[in-house]
Novice: 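Here it is, the structure in full.
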Amino acid sequence: MKTEIGLLDYLSTRRSIPAFQMCEPGPEKPEIEQMLKLASRVPDHGKLAPWRFIVYRGEERARISAELAKMAIAAKPDLSQEMIAVENTRLTRAPVVVAVVSTAAPHFKIPEWEQVMSAGAVCLNLLMAANAHGYCSNWLTEWFAFDEKAYPLLGVKPGERIAGFIHIGSPQVPPTERPRPELADIVTWAGESA
């Protein structure tokens with residue numbers, strides 16, 4: 001296999017843009033569909049496809065965000081005006097938000113943990129697919145990814161879980177680098193002494 005220098009360069013500089021720093025234009029439906037096809041090309045033991053996508057775009061993002069804000073205020077009546085404003089923009093920060101929903105379930109052969117990791121791989125592939133199409137992206141979860149009371153509003157079915165919300169748009173500012181771990185701190189070479 002020939003080494004693809006472009007891919008090596010991309011991986012050495014890949015960086016997420018915060019969702020609140022995204023703007024229009026966002027991808028159109030055909031581009032989103034292509035991104036989702038690319039995102040689906042992940043390790044998937046047993047070919048179960050233990051994940052699915054929910055695409056939020058247009059005015060639906062604002063409607064859902066307003067409902068999420070109501071839920072947040074009901075849970076914390078003393079929420080500050082600043083936080084209420086944040087809650088009202090949960091899905092409107094980027095032109096497109098894609099929920100990657102894990103449908104992992106007990107299986108006679110495939111461990112559930114492998115299915116969950118496959119959904120995580122889909123999230124990362126979707127980030128890279130968005131970048132390959134010229135957009136910026138960010139993988140977020142936030143409180144409503146873990147609050148099952150929000151699931152009907154978001155289109156998530158009982159027994160499913162949200163692996164992440166992938167925000168996709170155009171950058172308002174160029175990405176900046178952040179500190180990365182030193183390999184010596186995160187790598188163990190089995191059978192070798194330090």
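This structure is a prediction, so every number in the text was calculated from the model and none was measured.
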Novice: Verify, without hydrogens or angle tests, whether Ser118 (side chain) and Glu114 (backbone) share a donor-acceptor contact under 3.5 angstrom.
Specialist: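 No.
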Novice: Which pair of heavy atoms, one from Gly169 and one from Met22, lies closest together, and at what distance?
Specialist: N-SD, 3.7 Å
Novice: Quick one: pull up OG1 in Thr103 and CG in Leu48 and give me the separation to the nearest 0.5 Å.
Specialist: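 Result: 8.0 Å between the selected atoms.
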Novice: Does atom CD of Glu24 have more than 12 heavy-atom neighbours from other groups under 6.0 Å away?
Specialist: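 Correct, the count exceeds 12.
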Novice: Kindly say whether Ala145 contributes a backbone atom to a donor-acceptor pair with the side chain of Tyr151 at under 3.5 angstrom?
Specialist: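 Checked: pair present.
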Novice: Are more than 12 heavy atoms from other residues, nucleotides or ligands located less than 6.0 Å from atom CZ of Arg41?
Specialist: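 At most 12 heavy atoms, drawn from other residues, nucleotides or ligands, come within 6.0 Å of this atom.
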Novice: Would you say Ser137's side chain and Leu127's backbone share a donor-acceptor pair under 3.5 angstrom?
Specialist: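 Side chain of Ser137 to backbone of Leu127: a pair is present.
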Novice: Report yes or no: does Glu160 contribute a side-chain atom to a donor-acceptor pair with the main-chain N or O of Lys157 at less than 3.5 Å?
Specialist: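 Between the backbone of Lys157 and the side chain of Glu160 there is a qualifying donor-acceptor contact (under 3.5 Å).
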Novice: Distance-only, no hydrogens or angles: does the Arg90 side chain make a donor-acceptor pair with backbone N or O of Ala66 under 3.5 Å?
Specialist: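 No; zero donor-acceptor contacts below 3.5 Å.
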Novice: Taking the side chain as C-beta and beyond, is there a heavy-atom pair between Pro27 and Tyr135 under 4.5 Å?
Specialist: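 Yes; the side chains approach each other to less than 4.5 Å.
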Novice: Does CD belonging to Glu59 count more than 12 external heavy atoms closer than 6.0 Å?
Specialist: no
Novice: Can you name the nearest heavy-atom pair linking Ser170 to Pro25, along with the distance?
Specialist: OG-O, 2.6 Å
Novice: Do you know which two heavy atoms are closest between Met35 and Ala129, and how far apart they sit?
Specialist: O-CB, 3.8 Å
Novice: Stepwise, does the side-chain contact (heavy atoms from CB on, under 4.5 Å) test hold for Val122 with Ser40?
Specialist: CA-CA 6 Å; Val122 167; Ser40 298; 5.8 Å; no
Novice: Kindly work out whether a path of hydrophobic side-chain contacts (I/L/V/M/F/W/Y, heavy atoms less than 4.5 Å apart) joins Leu68 to Met83.
Specialist: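 Different clusters.
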Novice: Any sub-3.5 Å donor-acceptor pair from Ser102's side-chain atoms to Val116's backbone N or O?
Specialist: no
Novice: If two hydrophobic side chains count as joined below 4.5 Å and joins carry through other members, does Ile54 share a cluster with Ile168?
Specialist: no
Novice: When clusters are formed by joining ILVMFWY residues with side-chain heavy atoms under 4.5 Å apart, either directly or through shared neighbours, do Ile64 and Ile84 land in the same one?
Specialist: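 Ile64 and Ile84: separate clusters.
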Novice: Report the distance from atom CG of Leu11 to atom CE of Met128, rounding to the nearest 0.5 Å.
Specialist: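 Here the rounded value is 6.5 Å.
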Novice: NE2 of His167 to CG of Leu140: how many Å apart, nearest 0.5 Å?
Specialist: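 Going from NE2 on His167 over to CG on Leu140, the span is 4.0 Å.
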Novice: Between OG of Ser65 and CZ of Arg93, what distance do you get to the nearest 0.5 Å?
Specialist: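 Ser65 OG to Arg93 CZ: 8.0 Å, rounded to 0.5 Å.
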Novice: Distance from Leu36 atom CG to Lys29 atom NZ, nearest 0.5 Å?
Specialist: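 Answer for the CG-NZ pair, Leu36 versus Lys29, is 11.0 Å.
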Novice: Just wondering, more than 12 heavy atoms not from Glu28 lying within 6.0 Å of its CD?
Specialist: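 No.
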Novice: Applying side-chain contact (heavy atoms from CB on, under 4.5 Å), run through Tyr56 and Leu154 and close with a yes or a no.
Specialist: CA-CA 9 Å; Tyr56 310 98; Leu154 297 165; 3.5 Å; yes
Novice: Tell me the closest heavy-atom pair linking Asn131 and Cys136, and the distance in Å.
Specialist: ND2-CA, 3.8 Å
Novice: Between Phe53 and Ile162, is there a shared hydrophobic cluster once you connect ILVMFWY residues whose side-chain heavy atoms come closer than 4.5 Å?
Specialist: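 No, Phe53 does not connect to Ile162 through the hydrophobic network.
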Novice: Do Val101 and Arg161 have side chains that approach each other closer than 4.5 Å (heavy atoms only, starting at C-beta)?
Specialist: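 They are not in side-chain contact.
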Novice: Evaluate the side-chain proximity of Leu153 to Arg63: yes if any heavy-atom separation is below 4.5 Å, no if none is.
Specialist: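 Arg63 reaches Leu153 side chain to side chain.
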Novice: Determine whether Ile166 and Asn138 satisfy the following criterion, side-chain contact (heavy atoms from CB on, under 4.5 Å), listing intermediate values before the conclusion.
Specialist: CA-CA 6 Å; Ile166 310 302; Asn138 197 319; over 6 Å; no
Novice: With no hydrogens and no angle check, is any side-chain donor or acceptor of Gln115 less than 3.5 Å from a backbone partner on Ala105?
Specialist: yes
Novice: Please say whether more than 12 non-hydrogen atoms of neighbouring residues, nucleotides or ligands are located less than 6.0 Å from CZ in Arg52.
Specialist: yes
Novice: Any non-hydrogen side-chain atom of Leu38 less than 4.5 Å from a side-chain atom of His133?
Specialist: yes
Novice: Looking only at non-hydrogen atoms, find the nearest pair between Cys23 and Pro171 and report the distance.
Specialist: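 Between these two residues, the closest heavy atoms are SG-O, 4.2 Å.
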Novice: With rounding to the nearest 0.5 Å, note down the distance linking OG in Ser80 to CD in Glu87.
Specialist: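 With rounding to 0.5 Å, OG (Ser80) is 9.5 Å from CD (Glu87).
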Novice: What about Trp139 and Ile32, same hydrophobic cluster or not, with Ile/Leu/Val/Met/Phe/Trp/Tyr joined at side-chain heavy-atom distances under 4.5 Å?
Specialist: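 Linked within one cluster.
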Novice: For Phe165 together with Phe144, are the ring centres under 6.0 Å from each other?
Specialist: yes
Novice: Determine whether the side chains of Ser16 and Arg14 contain a donor N or O and an acceptor N or O closer than 3.5 Å.
Specialist: yes
Novice: I'd like to know whether Thr92 forms a side-chain contact (heavy atoms from CB on, under 4.5 Å) with Thr89, so could you lay out the CA-CA distance, the side-chain angles of the two residues, the decisive distance to 0.1 Å, and finally the verdict.
Specialist: CA-CA 5 Å; Thr92 61; Thr89 64; 3.5 Å; yes
